[in-house]
Amino acid sequence: KARSEQLLARCYTYCLPRALLNADEMGQRVAEAVEHSPDGRIAWALSNHDHTRHVTRFGGHGGEVEPIARLSAALLVSLPGAISIFQGEELGLEEADIPQELLRDPFAIRFWPELKGRDGCRTPMAWDAAAPNAGFSSGDCWLPLQEAHLARCVSSQSDDPSSLFAFYRDALAFRKAIVKAGEGEFALEARGSILAFRRTFETERLIAVFNMSRENAAHFVEGLPSTFEPGHVLPGSTMPQEGHFNLPPFGYFVGRGPL
């Protein structure tokens with residue numbers, strides 16, 4: 001637990017790096033973590049150097065990588081407390097496949113092939129596809145660079161306003177306004193493939209709705225405003241009609257409105 005009298009700045013939780021893309025499981029993990037940190041002294045991450053990259057863990061391959069990555073980022077920036085972004089998730093990097101002879105993780109070396117270990121999330125960051133070692137280092141890298149990561153390198157996304165990298169920038173800018181409002185009160189529900197929560201502040205509230213499935217999903221939120229002010233809705237959100245959402249696969253809505 002992280003509470004003010006314990007003088008802990010933040011409590012880093014492993015609940016999301018271990019989660020699957022399932023509304024009920026995700027909802028239970030988030031609700032429990034928030035309950036143990038009622039004053040917002042919690043730090044979240046979806047991926048880190050000890051767990052499978054979340055786009056892979058959530059089942060993203062091929063064309064599903066992008067929508068799953070955007071849904072995941074929308075969830076992360078909506079949560080109370082502090083957040084961490086693991087290198088490469090803003091590019092949509094998937095878990096790397098490391099040949100047995102190139103493994104470095106002692107667990108993987110010892111238990112291969114039953115346990116592939118942690119090397120798959122620890123490969124070099126892909127900065128520039130045209131540079132040696134994708135711009136990560138001029139020397140030999142500890143782990144091999146992944147050819148599949150080159151197409152999602154920083155240089156290929158940084159100037160593209162429609163890229164996942166640009167979306168992360170927009171999402172973090174959106175989060176800044178939420179942080180200014182404080183932690184607020186938190187209420188969550190999970191029903192079917194929908195995870196939804198509300199954060200209530202002094203003069204406004206944040207509504208977040210996520211479809212964690214490959215099928216369309218409907219959801220209703222009572223009392224939503226008919227329109228939202230510019231900048232008060234996270235880019236890419238599926239807009240409601242009189243409080244009714246019809247979310248596409250991996251669709252989401254995150255918006256701020258008055259009480």
Side-chain angles (χ1 to χ4, degrees), residues 10-22 25-26 29-30 33 42-73 75-77 79 82-158 163-165 167-168 171-172 212 250:
R10 296 287 179 185
C11 179
Y12 181 78
T13 174
Y14 271 84
C15 68
L16 296 187
R18 293 171 175 165
L20 300 177
L21 194 63
N22 175 283
E25 178 190 349
M26 191 78 74
R29 288 175 177 268
V30 170
I42 192 169
W44 309 89
L46 288 165
S47 293
N48 61 34
H49 64 277
D50 283 328
H51 292 84
T52 302
R53 288 184 176 273
H54 67 266
V55 291
T56 299
R57 192 173 71 250
F58 291 167
H61 300 286
E64 288 185 342
V65 168
E66 191 86 8
I68 287 178
R70 290 173 184 261
L71 168 73
S72 304
L75 170 65
L76 186 65
V77 301
L79 292 169
I83 63 172
S84 298
I85 296 174
F86 182 56
Q87 60 92 0
E89 73 177 77
E90 74 278 21
L91 305 177
L93 299 189
E94 299 176 63
E95 186 80 354
D97 187 16
I98 309 298
Q100 182 182 9
E101 64 273 15
L102 297 179
L103 291 172
R104 298 287 191 173
D105 185 358
F107 292 107
I109 294 171
R110 172 65 179 83
F111 295 108
W112 179 273
E114 287 78 12
L115 180 66
K116 291 190 175 181
R118 300 162 294 185
D119 287 336
C121 62
R122 298 175 173 182
T123 54
M125 178 75 167
W127 293 96
D128 185 350
N133 293 321
F136 180 79
S137 173
S138 59
D140 294 332
C141 296
W142 180 252
L143 287 166
L145 186 77
Q146 295 295 290
E147 290 294 326
H149 289 178
L150 296 181
R152 290 189 168 273
C153 68
V154 175
S155 64
S156 70
Q157 296 193 46
S158 58
S163 68
L164 179 62
F165 188 47
F167 175 74
Y168 261 80
L172 290 173
M212 298 186 169
F250 309 120

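Remember, predicted model here, so these are calculated numbers, not experimental data.
Here the side chains of Met26 and Leu16 are in contact, with some heavy-atom distance below 4.5 Å. Residues Leu164 and Arg70 meet the side-chain proximity criterion, which asks for heavy atoms closer than 4.5 Å. In this structure, the side chains of Lys116 and Leu103 stay at 4.5 Å or more apart for every pair of heavy atoms. Side-chain contact check for Pro144 versus Ile98: some heavy-atom pair is nearer than 4.5 Å. By the 4.5 Å heavy-atom criterion applied to side chains, His54 and Phe86 are not counted as neighbours.
When all heavy atoms of Val55 and Ala69 are compared, the pair lying nearest together is CG1-CB, 3.8 Å. Nearest heavy-atom pair, Asp119 versus Asp105, reported as atom, atom and distance to 0.1 Å: OD2-N, 2.9 Å. Taking each heavy atom of Arg29 and Ala19 in turn, the nearest pair found is CD-CB, 3.6 Å. Pairing each heavy atom of Ala134 with each of Leu145, the nearest pair is CB-CD2, 3.5 Å. Pairing each heavy atom of Phe165 with each of Ser158, the nearest pair is CD2-CA, 3.5 Å. Closest approach of Glu95 and Thr52 over heavy atoms only: OE1-CA, 3.5 Å.
Taking the side-chain contact (heavy atoms from CB on, under 4.5 Å) definition, one finds that Leu172 meets it with Val77, Ile83, Ile85, sequence neighbours left out. Contacts of Glu94 classified as side-chain hydrogen bond (donor to acceptor under 3.5 Å, both in side chains), with partners at least two apart in sequence or in another chain: none. Residues satisfying the side-chain contact (heavy atoms from CB on, under 4.5 Å) test with Cys153, not counting sequence neighbours, are Ala126, Ala129, Ser155, Ser156. Not counting sequence neighbours, Gln87 has no partner by the side-chain hydrogen bond (donor to acceptor under 3.5 Å, both in side chains) test. Applying the ring pair (Phe, Tyr, Trp, His ring centres under 6.0 Å) rule to Phe167 yields no partners; only residues at least two apart in sequence or on another chain are considered. For the side-chain contact (heavy atoms from CB on, under 4.5 Å) test, residues two or more places apart in sequence or in another chain that qualify with Pro99 are Glu101, Leu102. Residues that satisfy the side-chain hydrogen bond (donor to acceptor under 3.5 Å, both in side chains) test with Asp50, not counting sequence neighbours, are Arg118, Arg122. The side-chain contact (heavy atoms from CB on, under 4.5 Å) check on Ser84 picks up Ala45, with sequence neighbours excluded. Under the side-chain hydrogen bond (donor to acceptor under 3.5 Å, both in side chains) criterion, Trp112 pairs with Gln100, sequence neighbours left out.
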Open item on the list: With side chain to side chain contact (heavy atoms under 4.5 Å, CB included) as the criterion, how do Thr123 and Leu93 come out once you've worked through the C-alpha distance, each side chain's angles and the decisive distance to 0.1 Å?
Closed with: CA-CA 10 Å; Thr123 54; Leu93 299 189; over 6 Å; no
- [ ] Applying side chain to side chain contact (heavy atoms under 4.5 Å, CB included), run through Met125 and Val154 and close with a yes or a no.
- [x] CA-CA 9 Å; Met125 178 75 167; Val154 175; 4.0 Å; yes
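In terms of modelled atom types and a separation under 3.5 Å, the side chain of Arg57 and the main chain of Pro17 share a donor-acceptor contact. No side-chain donor-acceptor contact under 3.5 Å links Glu90 to the backbone of Tyr168.
Among residues at least two apart or in separate chains, salt bridge (charged side-chain N to carboxylate O under 4.0 Å, His left out) pairs with a member in residues 138-155 are Glu66-Arg152. Counting only residues at least two apart or in different chains, salt bridge (charged side-chain N to carboxylate O under 4.0 Å, His left out) contacts with residues 128-139 are absent. Residue pairs meeting the side chain to side chain donor-acceptor pair (under 3.5 Å) criterion with at least one partner in residues 12-22, sequence neighbours excluded, are Tyr12-Asn48.
The distance from atom CD of Glu64 to atom CG of Leu21, rounded to the nearest 0.5 Å, is 10.0 Å. Note that OG of Ser72 is 5.5 Å distant from CG of Leu46, once rounded to the nearest 0.5 Å. Distance check: Phe58 CZ to Ile68 CD1 gives 8.5 Å after rounding to the nearest 0.5 Å.
More than 12 heavy-atom neighbours from other residues, nucleotides or ligands sit within 6.0 angstrom of CZ on Arg104.
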